[in-house]
Amino acid sequence: MAYELIQVRTEADKVGVLTLNRPKQLNALNNQLMDELGAALKAFDADEAIGCMVITGSEKAFAAGADIGAMASYGFADVYKGDYITRNWETIRSVRKPVIAAVSGFALGGGCELAMMCDFIIAADNAKFGQPEIKLGIIPGAGGTQRLPRAIGKAKAMDMVLTGRMMDAAEAERAGLVSRVVPLEKLMEETLGAALQICDYSQLAVLAAKESVNRAYEGGLSDGVMFERRLFHALFATEDQKEGMDAFVNKRKAAFKHR
Ligand code: CAA
């Protein structure tokens, strides 16, 4: 598939890198862009050679939200009946391999929600996060009111969603929205480093780890602990567990079969 609004490349033949590419609109997210992003993520997910994906934007904007111009004339009947605007966004969550968001500049509205749909966020020191939908007379529509409180707690989430204010990278790290903050010029180096590290591990363990952390994020404790235990036990049926533990005991680097 040819892509117009995203750029797609691989790094070291192992990491799928997707760059949002609507610079004049600060990467505002429209249906075409989200269709392309979903298709490219699915293609990487199905590609045996790929172990991890990275979604990024430009220095100025990861994404400034859903495309306001495209939404402006919609009425309730249009968006509800057609399930418009965010109907194709959940594709991102169906991807089984890890997806890292490398965020510089604005991650607002749908841009912040897109970043939160990724498995973790590495932010440049110029990143700004926010859910400013309230200023447009709407509320977040791609999971913002659900994922933000889980990520940063109710008080800060209410503050962000009700005032529409932006949070800088330092505050986002303190609040737990992002996993690391790095200087802007190091953003891709640091993110690709993390992605390549993940690619080197047993993919069976990586998929199980992602699935299990998501269970904690989305469900209750007892169910999550049981789910984790079952996956933990199951991994003892793999060659990669034998290899990983044998390599440690014999002080050598593990050569995982499933990567
Ligand atoms: N949709 C469409 N176009 C957008 C956009 C958006 N979300 N955000 C920015 N743009 C466009 C601007 O209209 C402008 O286009 P023109 O040059 O043609 O006028 C261009 O990008 C550059 O933007 P600014 O001139 O405004 O740049 P700035 O540096 O002065 O401000 C900004 C940057 C603070 C991000 C500002 O553009 C802004 O507030 N954008 C809107 C952010 C927003 O409200 N996002 C939420 C959208 S709703 C949503 O996402 C719903 C959901 O939950 C799914």
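Counting convention: from 1, in listed order, for ligands and their atoms alike. No experiment lies behind these values; they were computed from the predicted model shown.
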Can you check atom 39 (O) of ligand 1: any protein non-hydrogen atom closer than 4.0 Å? no

Between K24 and ligand 1, which residue portion shows a heavy-atom distance shorter than 4.0 Å: side chain, backbone, both, or neither? backbone

Heavy-atom protein contact below 4.0 Å for atom 13 (O) of ligand 1: no

Less than 4.0 angstrom from a charged side-chain N to a carboxylate O is my criterion; do D223 and R215 meet it? yes

Quick look: M71 vs ligand 1, heavy-atom contacts under 4.0 Å, and the answer is side chain

Measuring from atom 42 (C) of ligand 1, which candidate in G65, A64, G110 has the nearest non-hydrogen atom? A64

Taking heavy atoms and a distance under 4.0 Å, where does A66 meet ligand 1: side chain, backbone, both or neither? both

Measuring to protein heavy atoms, does anything land under 4.0 Å from atom 29 (O) of ligand 1? yes

Quick one: do the D246 and N250 side chains pair a donor with an acceptor below 3.5 Å? yes

Shortest protein heavy-atom distance from atom 35 (C) of ligand 1, along with the residue and atom involved: L108 CD1, 3.6 Å

Could you tell me whether I138 and ligand 1 have an N or O pair separated by under 3.5 Å? no

For atom 20 (C) of ligand 1, decide whether some protein heavy-atom distance is shorter than 4.0 Å. yes

Return a yes/no value: protein heavy atom under 4.0 Å from atom 10 (N) of ligand 1? yes

Determine whether any protein heavy atom is located less than 4.0 Å from atom 44 (O) of ligand 1. yes

Measuring from the heavy atoms of K60, does anything fall under 4.0 Å of ligand 1? yes

Residue part near ligand 1, for L29, under 4.0 Å between non-hydrogen atoms: neither

Could you say whether the N/O atoms of W89 and ligand 1 ever approach to under 3.5 Å? no

Looking only at heavy atoms of G144, does any of them come nearer than 4.0 Å to an atom of ligand 1? no

For atom 5 (C) of ligand 1, which candidate among G111, A28, A142 holds the nearest heavy atom? A28

Under-4.0 Å heavy-atom contact between protein and atom 48 (S) of ligand 1: yes

Do you know which two heavy atoms are closest between I50 and Q203, and how far apart they sit? O-NE2, 3.6 Å

Mind checking whether P140 has an N or O less than 3.5 Å away from an N or O of ligand 1? no

Backbone, side chain, both or neither: what part of P132 comes under 4.0 angstrom of ligand 1, heavy atoms only? side chain

Does atom 2 (C) of ligand 1 have any protein heavy atom closer than 4.0 Å? yes

Any idea which of M166, E113, K135 brings a heavy atom closest to atom 52 (C) of ligand 1? E113

T86-ligand 1 polar pair, N/O distance under 3.5 Å: no

